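In what follows, a structure is listed as C-alpha cells, so that the remarks can point back to it.
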Amino acid sequence: MAHAPLRFGLIGTGRIGQVHAAGIAADPDAVLAWIADPLVEGAQRVAAAYGGIATDSAEEVFASNAVDAILVASPTSTHVDLIARAVDAGLPVLCEKPIDLDIGRVDALRPKIRTAGVPVAIGFNRRFDPAFSSVRARVAGGEIGTLEQLTIISRDPSAPPAAYVAVSGGIFRDMAIHDFDMARFFLPDIVEVSAVGTTTFDPGAREHRDYDTAVTTLRSASGAIVTIINSRHSAVGYDQRLEAFGGTGSLHVANAPTSLVSLSTATAVEARPPYEPFFLERYAVAYASELREFIKLARGEASTNPTFEDGRAALVIADAAQASASSRRAVAVDLA
Ligand SMILES: NC(=O)c1ccc[n+]([C@@H]2O[C@H](COP(=O)([O-])OP(=O)(O)OC[C@H]3O[C@@H](n4cnc5c(N)ncnc54)[C@H](O)[C@@H]3O)[C@@H](O)[C@H]2O)c1
C-alpha cells in the first residue's frame, strides 16, 4: 500500500541535526514539516535548504498537530523530556544517543516507554553501517562458528575542546557508548565490565579528570569477551575497526580507504591519504539506513532500530566502565 511521506518534526539543527535534515529531505518516504532550534537562525537555514517551518520552540512543533514523528537531535540534557513529550503526544520518536548521562533519569522514564506503546528508537547509527551489519549477519549465520572474542577499535581523529569534555559525561558515556552498543549488537547479554583509563596527551581531559585513552573489556553471559580500545585522537584519521573471532574463523572490518590512488616511491610503498575525517563522512550511509528503518518503525512495520532498552543498556555499561576505571575492579552489570 502506498503511504504518504512521514512528516517529521526535527528538534535541534547542530552537527547531527543537519545530517538528519538532509537525510529526511533525500528520502522519498519522508518530509521535513517542522524544525525547532532556540538558535532560530539554524532552524531557518535548514528550512531554507530542505523545506518545513522553522521555530525557536520545540513546543510549537508538538502544538502544530502537523507532524507524524519526532527526531530529537538537540543536546543530551534535553532528550528525556523530549522523548516523554513525544510519547505523550503519541508520536514515534528517533532520539540521538545517549538518552541521558544520568541513569536515574533514564530509569524514571522507563515505565512510560514500556507501557505507552509508542515506538522509541535510539540513534546508535553504527548498527546500520553495511560492514558491521554484514559481519553481524555472517556471525549469526554460523560462518565463524561460535563467537568467542570481539575486538572493537574506535579512535576519534582529535580530542574535543576542553569545554566539551567538561559537560560530556566522560569518555565512556560520551564516546565509548557507541562501542558498548556495537558490543551488544553482537552479544546483548553483557554481565561484567572492566575498564582502564589514562590521560596520555589531552590537557582538557586532564583538567576535567577524564581519560583520553581507555580499554574496556566486557564479559558476556556466553563467556565471550569483548575488548574495546578507545582513544580521543588518531593521527591517521577516524579509526573504526572490528574483528569477530570464532571457533572456525574470523571476520574483520578494516578502515575504508578514502582514495583508490596510492603512491610508491623509494622511501615508501602504497602511501594513501588518511582515513575519513570523522563520523559524518564515515557513517553517511549508516545515517540514511537508520532513518529508513525508523520510517518503517513509525509505520508499525518490523524494524531493527535500537530500542530505548538498548539505549539504557549502553548507559548502564558506560557507568560500570567509569566505576571500574575509578575503582580498578571488575563491575557486574544486570541489564534486565
Ligand atoms: N549518532 C551520532 O553519530 C551522533 C553524532 C553527534 C552527536 N550526537 C548526539 O546528538 C546530540 C546533538 O549533538 P550535536 O553534536 O549535533 O550538538 P550541537 O551542539 O552541534 O547541536 C545541538 C543543537 O541543538 C540546539 N538546541 C539546544 N537546546 C535545544 C532545545 N531545547 N530544543 C531544540 N534545540 C536545541 C542548539 O542550539 C544546537 O543547534 C547529542 O546528544 C549528541 O550526543 C550523535
Side-chain angles (χ1 to χ4, degrees), residues 8-23 32 34-47 49 52-64 67 70-86 93-102 105-106 121-129 132 154 156-157 160-161 163-182 185 232 238 240 276-291 293-294 305-306 308 310-311 314-315 318:
F8 272 88
L10 173 67
I11 300 181
T13 60
R15 287 189 304 177
I16 203 69
Q18 291 174 41
V19 172
H20 291 308
L32 203 48
W34 278 82
I35 307 124
D37 196 306
L39 296 176
V40 74
E41 298 80 11
Q44 285 164 346
R45 269 195 298 276
V46 166
I53 303 169
T55 170
D56 63 1
S57 145
E59 195 42 50
E60 207 180 336
V61 176
F62 290 108
S64 74
V67 295
I70 296 291
L71 203 160
V72 177
S74 44
T76 301
S77 58
T78 66
H79 292 182
V80 162
D81 289 345
L82 287 167
I83 293 173
R85 184 69 183 85
V93 54
L94 169 58
C95 180
E96 266 309 337
K97 48 55 62 181
I99 300 173
D100 199 89
L101 296 176
D102 177 353
R105 278 171 55 78
V106 174
I122 304 301
F124 286 121
N125 54 289
R126 294 183 194 176
R127 291 190 183 214
F128 300 95
D129 176 72
F132 296 149
S154 178
D156 282 353
Y164 178 96
V165 174
V167 295
S168 69
I171 191 169
F172 297 112
R173 294 184 192 92
D174 176 56
M175 177 185 172
I177 198 155
H178 273 295
D179 307 305
F180 299 147
D181 182 67
M182 183 52 58
F185 191 37
R232 285 286 200 184
Y238 193 35
Q240 299 284 284
E276 295 288 10
F278 210 3
F279 58 87
L280 297 178
E281 298 82 4
R282 171 64 182 81
Y283 291 116
V285 173
Y287 292 120
S289 302
E290 170 186 64
L291 189 67
E293 279 297 307
F294 176 70
N305 275 116
F308 184 88
D310 292 320
L315 184 61

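We count ligands from 1, going down the list as the structure has it; atoms in each ligand are counted the same way. It should be emphasised that the depicted structure is a prediction, and the values quoted were computed from it without experimental measurement.
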> Does any non-hydrogen side-chain atom of Val80 lie less than 4.5 Å from one of Ile99?
Replying inline: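 They are in contact (side-chain heavy atoms under 4.5 Å apart), so the answer is yes.
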Qualifying residues under side chain to side chain contact (heavy atoms under 4.5 Å, CB included), relative to [X], sequence neighbours excluded:
| X | result |
| --- | --- |
| Val167 | none |
| Ala22 | Tyr50 |
| Glu293 | Phe128, Lys296, Ser303, Thr304, Asn305 |

> Should the pair Asp181-Arg127 be classified as a salt bridge under the 4.0 Å nitrogen-to-oxygen rule?
Replying inline: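 Yes, this pair counts.
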> Step by step, would you call Asp37 with Thr13 a side chain to side chain donor-acceptor pair (under 3.5 Å)?
Replying inline: CA-CA 6 Å; Asp37 196 306; Thr13 60; 2.9 Å; yes
Note every protein N or O atom lying under 3.5 Å from an N or O atom of ligand 1, pairing the names and giving the distance.
| from | atom 1 | to | atom 2 | distance (Å) |
| --- | --- | --- | --- | --- |
| ligand 1 | 1 (N) | Glu96 | OE1 | 2.9 |
| ligand 1 | 1 (N) | Gly123 | O | 3.4 |
| ligand 1 | 1 (N) | Asn125 | OD1 | 3.0 |
| ligand 1 | 3 (O) | Asn125 | OD1 | 3.3 |
| ligand 1 | 3 (O) | Tyr287 | OH | 2.6 |
| ligand 1 | 15 (O) | Arg15 | NE | 2.9 |
| ligand 1 | 15 (O) | Arg15 | NH2 | 3.1 |
| ligand 1 | 16 (O) | Arg15 | N | 3.2 |
| ligand 1 | 16 (O) | Ile16 | N | 2.9 |
| ligand 1 | 20 (O) | Arg15 | N | 3.0 |
| ligand 1 | 37 (O) | Asp37 | OD1 | 2.6 |
| ligand 1 | 39 (O) | Asp37 | OD2 | 2.6 |
| ligand 1 | 41 (O) | Thr76 | OG1 | 2.8 |
| ligand 1 | 41 (O) | His79 | NE2 | 3.2 |
| ligand 1 | 41 (O) | Lys97 | O | 3.3 |
| ligand 1 | 43 (O) | Lys97 | O | 3.0 |
| ligand 1 | 43 (O) | Lys97 | NZ | 3.2 |

